[in-house]
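Heads up, the thing below is written out as structure tokens.
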Amino acid sequence: MTPRARLLELDRRHLWRPYTSSVDHETRDPLVVVRAEGPYLVDDTGRRILDGSGSWWCNNLGHGHPRIRAALERQAASLLHCSFGNATHEPAVLLAEELVATAPEGLTRVFFSDNGSTAVEVAAKIAFQYWQQNGRPERRRFLALEGGYHGDTFGAMSLGDSGTFHDVFSPLKFPVTHAPAPSDASWEDVARFVEAELEARGHEYAALVVEPIVQGAAGMRIYPAEVLRRFREATKKADVFLVVDEVFTGFGRTGPFWASEHAGIAPDLLATAKGLSGGVMPFAATLASERLYDGFRGDKTRALMHGHTFFGNPLGAAVAREVLAIYREEGILERAEAKAETLARRIQEIASLPGVLRTRSLGMVAAVDLGEGGYLGEKGWKVAAHALELGAQIRPLGDTLYLVPPLNIPDEALHALLDILAEAIARA
Ligand SMILES: *Cc1c(COP(=O)(O)O)cnc(C)c1O
């Protein structure tokens, strides 16, 4: 048995893959990745494959950035981990200061965790507990959007509404009101629903939770900044907290550093993960306003009853600090502007290919709809198979194909990725 065959055999025998049917697990060989550099994954035969889906939307700075490697090594030499229970350390403290400086105005408190789902759960718990111990215990409900995705843990699943993803767990989710998804382009209706609901029953709500500007798992659904502004106004009026889930949209994915900036708004709570560590470490943070922190002042009975073993992990914190430095010093956002224009222009050309219903893009996110089959649609998978043969990994959301390349992808590689996408659609 070759080493490769043995690896695949053991993979089939012992692994349980995320979002993968046993049929696929047992009949389709995954890529065997041995290395990754820049926009490329390198397999065990030395083949270089463009990582079109950003290793699940997190790889914003390309693979193997030398500065990230070096930061990890430097940190590894002194402190790998110690609990935050009654100790502190420089990487986490300085990172908190730097995150606050980058964040929308008024977010001054940082709670660390280790994945996007958890960062959202922490935001929900902060919002809920705040009202419980500050004289408004009847504010227990959450408002969110249909099609929203906030992660796979129970609270995050409850807040989300990812249809087929999580249906089986419905009996275990806590009740959340979801504003109806826009039928076609009527985000106006979504904004109106939120406004009406908060006006009528705002006093029962703890928070509104949204993905700002782009609903990722819903199929890279993009909505107008004006709608996010109206969410902010309506929540302010009803004194309901606004939680923005910037796990995917943060770190320049949609253009500005935070997608909230499109609307010029500052939320009460913000969840970040994925790009926070340059997409290389399980690391996350929930940012909160001073008002929220003030609501927890007092003795033990008022403390936020939440914490993870790896809170503020020094390796993750050191990497995140280096990521912020790379954004500043390599002009990542400025240089991504021209790349985003290229992406927008070329994805629009793809709109005229046979079999394509529509395309859209914002910043370094682009999507192509091939059908209305949603997440269980098969059309995207057919194109993805051709794309892989042509040298790009493009993971579809059912009938929707999307590209989320690194923000610093070299222009030639970006063009190559789009050439492959167009050719794969033509072949399929
Ligand atoms: C990926 C994602 C999450 C969940 O993050 P994990 O690190 O996978 O738990 C939450 N919200 C949004 C918007 C995401 O894209």
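Just so it is clear, the structure is predicted and the values come from calculations on it, not from any experiment. Both counts, for ligands and for their atoms, begin at 1 and track the order of listing.
In this structure a side-chain-to-backbone donor-acceptor pair under 3.5 Å is missing from R395 to S55. For the pair D24 (side chain) and R28 (backbone), a donor-acceptor distance under 3.5 Å is absent.
With ring centers used as reference points, F174 lies 6.0 Å or more from F154. When ring centroids are compared, H65 and H63 stay outside the 6.0 Å threshold.
Taking a heavy-atom cut-off of under 4.0 Å, ligand 1 is surrounded by W57, N115, G116, S117, Y149, H150, G151, E211, D245, V247, F248, K274.
Ring geometry for F241 versus Y130: interplanar angle over 60°, hence perpendicular rather than tilted (30 to 60°). Between Y19 and W56, the ring planes lie perpendicular to each other; the angle is over 60°, past the 30° to 60° tilted range.
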